[in-house]
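This report concerns only the one structure given below.
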Protein chains: 2
Amino acid sequence: MRRNTRQRDAVASALAQIPGFVSAQTLHGQLKAQGDTLGLATVYRTLASLVDDDRADILTSPDGENLYRACTTSRHHHHLICRTCGMTVEIEADAVEQWAQSLASEHGFTGAHHVVDVFGDCAACSAQPRA
Amino acid sequence: MRRNTRQRDAVASALAQIPGFVSAQTLHGQLKAQGDTLGLATVYRTLASLVDDDRADILTSPDGENLYRACTTSRHHHHLICRTCGMTVEIEADAVEQWAQSLASEHGFTGAHHVVDVFGDCAACSAQPRA
DNA sequence: TGTCTTATTGAGAATCATTGTCAATATGCC
DNA sequence: GGCATATTGACAATGATTCTCAATAAGACA
């Protein structure tokens, strides 16, 4: 049975207020800054369970950190992510889905799962000479 | 100035003999097993420099490990990777390149860089009940 | 060929995100 | 309110990767 706890709510609502992807560490830092004391391990566990329930997205940044984000849609989708500010645009691209599927089956692969994400500097961040 | 060393050759040729992606740790293990003694740090450094010179590919596996592979083409490409045996098919897909580029510019992103990889079980591995 | 400069190596320590441990606590059902 | 147990928190443990720094060896030059 899954219980509702203060901590779970705190993590979920903190995540919901952030427009882009954040690392577990950062989220933990923000919660602590707000006065919400809770363990780092709890943040990790809660994020993992949110991902499990499809209530959050997870992705690995180019430098190997796991980043999390509240899901706005439960449909499968991809992301366009600003590498400076973390701002994210959700992308749905049926063409890509189909391409990945047919590619996999052409080569005899089963259980295909794909990773399609685009990183760049968003308009606002590219305008700034240097953060 | 870049010097040629026994270790650099050993890493490069070991990598060239492996058909799929391997982790630095695994590669180090294989080299040691062959009697080629060299430090783990050296393997990491050498792999990083190979990637720098576009002589090797790097990708992050779903469980967060960095995997390396000798490049067979210097053109930009993607991968279809067997999650069981590591066997890899190189994919060139201009359609995907164009899609990523236009997607990025539509949203005002600059310096876009994309991650497009497909993981699955290859024909041989799906045939096996369980490795 | 011998010498010299310095890129490179190796062993282990250090880092850093993440996960495991386990006693203490709090939740939801009765 | 009481109870069984899911969850928490502090910290240890893990594991990949990077850093440190003295020792070594590659390549240039005489």
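Each chain gets a letter, A, B and so on, in the order its sequence line appears, and its residues count up from 1. Everything numeric here is computed off the predicted structure, so don't read it as measured data.
Between A/Ile81 and the choices A/Val89, A/Leu67, A/Thr88, the side chain to side chain contact (heavy atoms under 4.5 Å, CB included) rule is met once, by A/Thr88.
The phosphate of C/dG10 (OP1 or OP2) has a side-chain N or O of B/Gln7 nearer than 4.0 angstrom. In this model, the phosphate group of C/dG10 is approached by a side-chain N or O of B/Arg6 to a distance below 4.0 Å at OP1 or OP2. Using a 4.0 Å cut-off, no side-chain N or O of A/Thr5 falls inside it from OP1 or OP2 of C/dA26. In terms of phosphate contacts, B/Arg2 brings no side-chain nitrogen or oxygen within less than 4.0 Å of OP1 or OP2 of C/dA7.
Between the OH atom of B/Tyr44 and the C1' atom of C/dA14 there is a distance of 15 Å, given to the nearest Å. The NE2-P distance, from A/His28 to C/dT18, rounds to 13 Å in whole Å. The separation between A/Leu40 atom CG and C/dT21 atom P is 17 Å, rounded to whole Å. Residue B/Arg3 contributes atom CZ, which lies 4 Å from atom C1' of C/dA7 at whole-angstrom precision.
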Stepwise side chain to side chain contact (heavy atoms under 4.5 Å, CB included) test for A/Arg69 and A/Leu59: CA-CA 9 Å; A/Arg69 177 166 194 267; A/Leu59 80 80; over 6 Å; no

The test is side chain to side chain contact (heavy atoms under 4.5 Å, CB included); show your working for B/Val96 and A/Val96 and say whether it passes. CA-CA 7 Å; B/Val96 173; A/Val96 174; 5.6 Å; no

Apply side chain to side chain contact (heavy atoms under 4.5 Å, CB included) to the pair B/His77 and B/Asp57, showing each step before the final yes or no. CA-CA 10 Å; B/His77 55 270; B/Asp57 272 339; 3.0 Å; yes

Go through the steps to decide whether A/Trp99 and B/Ile91 satisfy the test side chain to side chain contact (heavy atoms under 4.5 Å, CB included), and finish with yes or no. CA-CA 12 Å; A/Trp99 169 80; B/Ile91 304 296; 3.8 Å; yes

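For B/Arg45 and C/dG10, a side-chain-to-base donor-acceptor distance below 3.5 Å is present, hydrogens and geometry of angles not being considered.
Map B/Ala41 and A/Arg8 each onto its nearest nucleotide of DNA chain D; the residue landing nearer the 5' end is A/Arg8.
B/His76 and B/His114 have perpendicular rings, their planes meeting at more than 60° on a 0 to 90° scale where under 30° would count as parallel.
Among the heavy atoms of the strands, none lies under 4.0 Å from B/Ser23.
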Return a table of donor-acceptor pairs under 3.5 angstrom between the side chains of residues 104-111 of chain A and protein atoms on other chains or two or more places apart.
| from | atom 1 | to | atom 2 | distance (Å) |
| --- | --- | --- | --- | --- |
| A/Ser105 | OG | A/Gln101 | O | 3.2 |
| A/Ser105 | OG | A/Ser102 | O | 3.3 |
| A/Thr110 | OG1 | B/Ser126 | OG | 3.1 |

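The outermost nucleotides of DNA chain D lying under 4.0 Å from heavy atoms of chain B, listed 5' to 3', are D/dA16 to D/dG27.
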